[in-house]
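What follows is a single structure, written as structure tokens, with notes after it.
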Amino acid sequence: LKGPHGTHKITESEVDSDDSEVASVATYIPIIVSSTSWTPDEDFNILLNALLDIEKYLHNDGKGRNMNGPYNKVVVCVTGKGPMKLLFETKINKYNKLNLLGKYISVKTLWLEPEDYPIFMGCAYLGVCLHTSTSGLDLPMKVLDMFGSGLPVCAVNFQTLPELIKHDVNGLIFDTDSDIDTINTSNTDIKSKSNNDNDNDYDRGRRSSGLKKQLLKCVFDIDIDIGDDNSTATTTTSTTTTTTTKKTKAETETESGID
């Protein structure tokens with residue numbers, strides 16, 4: 001995998017193995033990266049629901065035979081540490097055991113040292129930003145990190161984001177769907193594979209048809225809607241207000257991020 005500031009090789013074997021000495025093969029797998037401090041300001045159910053739907057689509061559609069792009073697998077790496085990280089990892093482990101993730105999409109949580117963070121960003125294929133602001137005013141500094149590494153960005157929309165990202169110009173912006181707190185489309189699969197009633201607590205969350213469509217197009221070169229009839233990438237209009245904010249050192253450090 002060639003990033004704008006470096007080269008990183010991931011093999012199919014390495015995706016499913018913890019052995020760093022695995023022999024390399026000539027298979028390159030793109031990395032999607034998102035950084036977070038794991039607070040309620042960022043709802044990773046949005047990304048997780050999109051990944052579940054894409055994995056299901058790739059599995060059902062002839063096991064990926066209709067993919068047009070050069071890749072048929074992807075690794076999603078979420079860097080950072082914080083209070084909601086364990087819950088996310090619990091969900092990922094659950095979906096891997098149920099074979100609802102892992103064949104086409106592998107999800108990893110990482111912690112990177114500050115000096116490694118920009119190198120990793122430079123080797124990634126696509127960045128995803130799920131930052132939303134309680135005030136609607138502060139801008140996500142992680143997007144600037146991604147831009148600085150030459151990394152394309154998909155970001156969830158909020159009030160002042162168009163000051164930083166111009167849709168379809170220097171990045172892509174997506175909205176969340178209106179059916180907030182509804183059960184995602186993979187829930188029927190999850191119910192059929194699990195007898196634990198408490199598991200359903202994991203299957204709720206916000207969704208974004210726009211993010212799902214953007215990931216399919218950017219990574220797999222599939223330009224279709226799946227799961228919903230109203231999946232569209234949303235074009236936004238820039239506001240005229242200029243807002244500059246700074247994150248505290250502690251907030252920034254929790255987003256660089258392998259425990």
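Atom CH2 of residue Trp38 and atom OG1 of residue Thr79 lie 9.0 Å apart, to the nearest 0.5 angstrom. For the atom pair CZ (Phe44) and OG1 (Thr36), the distance works out to 4.0 Å, reported to the nearest 0.5 Å.
In this structure, Lys73 and Lys103 approach most closely via the heavy-atom pair CE-O, 3.4 Å. Counting all heavy atoms, side chain and backbone alike, Met146 lies closest to Gly127 at SD-CA, 3.8 Å. Considering all non-hydrogen atoms of both residues, Leu126 and Leu215 come closest at CD2-CD2, 3.7 Å.
In terms of the side chain to side chain contact (heavy atoms under 4.5 Å, CB included) criterion, Asn93 has no residue partners (sequence neighbours excluded). Partners of Phe147 according to the ring-ring contact (aromatic ring centres under 6.0 Å, His included) rule, which considers only residues two or more places apart in sequence or in another chain, do not exist here. Taking the side chain to side chain contact (heavy atoms under 4.5 Å, CB included) definition, one finds that Asp41 meets it with Thr39, Thr134, sequence neighbours left out. By the side chain to side chain contact (heavy atoms under 4.5 Å, CB included) test, Lys97 is found to be paired with no residue, residues two or more places apart in sequence or in another chain being considered.
Distance alone, capped at 3.5 Å, is enough to place a donor-acceptor pair between the Tyr125 side chain and the Cys218 backbone. Panel note: side chain His167, backbone Leu172; no donor-acceptor pair is recorded below 3.5 Å. Under the 3.5 Å distance criterion, the side-chain polar atoms of Gln214 are matched with a main-chain donor or acceptor of Ile173. Using modelled atom types, one side-chain atom of Thr90 and one backbone atom of Leu86 make a donor-acceptor pair closer than 3.5 Å. Under the 3.5 Å distance criterion, the side-chain polar atoms of Lys142 are matched with a main-chain donor or acceptor of Ser35. The main-chain N or O of Ile105 is found under 3.5 Å from a side-chain atom of Glu55 such that the two form a donor-acceptor pair. Side-chain atoms of Asp175 do not come within 3.5 Å of backbone N or O of Ser208 as any donor-acceptor pair. Of the possible polar contacts, none joining the Asn170 side chain to the Ile165 backbone as a donor-acceptor pair under 3.5 Å is found.
Side-chain contact of Lys91 with Asn45: a donor-acceptor pair under 3.5 Å is present, judged by distance alone.
Looking at Lys94 and Glu89, no side-chain N of the basic residue comes within less than 4.0 Å of a carboxylate O on the acidic one, giving no salt bridge.
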